[in-house]
Amino acid sequence: MSFRRGAALSIATTLGYADTADIGPSAGNGFYRRWPDDLAALQEAGVTDIRLTLDWARLQPKPDTFDPDWAERFEQMIAAATAIDLVVWATLHDGSVPRWFDNEGGLGDDDAVIRWWPRWVERVADRFGDTVNGWIPFTVVPPGLPEQPWRDTWGILGGVQPVAASIDPAHTSPGRFSGLATSIGPVLAGDGERDAAVSDHDLERMADGWGRTVRDVADDADLPIVIAGFDPSHDDPAVASRVVEQLTATLDDAAGDGVVVELCFLEPAIGLPDHGSGVLDADRSLTPAGRAFLAP
């Protein structure tokens, strides 16, 4: 293996979105009740790292509160993962924000972001900073996000743990971070439908794009690359497996050219019903895509 294999425990497919979130509520996959067994299953399958979202909407349901019960739950999850040698990377934004923050403009409003984002990061750093191994502030950078939140994040989180920054050239100033993160995924035929046909030509085209992305980043900055999230985006398990096989081959080829891809997170760690992607399916069995991803 040229890079470590991680699994992404995103909010959408684990806990589901909270009723305090801007896009909630939604059902998860039972992770809330069975997370100790789920973490053990991922480790036993061969996962080395997990990307755990510290859900802003649950931890800070109101502007001036920090929910002690949810903080304790996340601490327990981190401790349990660490105890079985899973490296924990904490995510601070993963598709949703608290409803109160969205009502103030959310991530699309510069004033709201500059006012509230650093307070959120400070709260999380104070509570969890000594227990996680690394940080991925944004799995996908919101369009138009100003520079200030990145400066605030680096200033607050910078220290012993690595902080992965976006590969967006606007946010890659040397010396401010210890790694580069990006989410990449397939561009499928049929307008990206999850059941679209995928030909060998499609796979070659996607692989070419992934290869160019990591090589371009490597040329621009001499830092290790973290693939913050990769979802095969297909409901057919066999097709999802082919996509993942192509991804791993592409990253191995890049490593052969001297590109340092340190880690890749496959999404989701544990799927929802009728979801062909991910490491484990909703019944907690290894998927074909997970098998291809974790193959030695």
**OP:** Evaluate the criterion salt bridge (Lys or Arg N to Asp or Glu O under 4.0 Å) for residue pair Asp22 and Arg99; output intermediate values, then yes/no.
**Re:** CA-CA 4 Å; Asp22 60 328; Arg99 186 175 296 116; over 6 Å; no
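- At distances below 3.5 Å, at least one donor-acceptor pair connects side-chain atoms of Thr14 with backbone N or O atoms of Ser10.
- Hydrophobic clustering of Ile, Leu, Val, Met, Phe, Trp and Tyr side chains at less than 4.5 Å, counting indirect connections, unites Ile11 with Phe66.
- Between the CG atom of Leu203 and the CD atom of Glu245 there is a distance of 9.5 Å, given to the nearest 0.5 Å.
- Remark: the backbone N or O of Ile270 is paired with a side-chain donor or acceptor of Asn29 at under 3.5 angstrom.
- Hydrophobic clustering places Val121 together with Trp70 (ILVMFWY residues linked when any side-chain heavy atoms are closer than 4.5 Å, directly or through intermediates).
- Side-chain contact check for Asp202 and Ser199: at least one donor-acceptor pair (N or O, by modelled atom type) lies under 3.5 Å.
- Aromatic ring pairs are classed by plane angle as parallel below 30°, tilted from 30° to 60° and perpendicular above 60°; the pair Trp117 and His93 is perpendicular.
- Between the side chains of Thr287 and Asp281, no donor N or O sits under 3.5 Å from an acceptor N or O.
- Atom-to-atom distance recorded for Leu247:CG and Met206:CE is 10.0 Å, nearest 0.5 angstrom.
- By the 30° and 60° cut-offs, the orientation of the rings of Phe101 relative to Trp56 is tilted.
- Side chains of Gln60 and Trp120: a donor-acceptor N/O pair is absent below 3.5 angstrom, by distance only.
- When hydrophobic clusters are built by joining Ile, Leu, Val, Met, Phe, Trp and Tyr residues whose side-chain heavy atoms come closer than 4.5 Å, directly or via intermediates, Ile114 is not grouped with Trp100.
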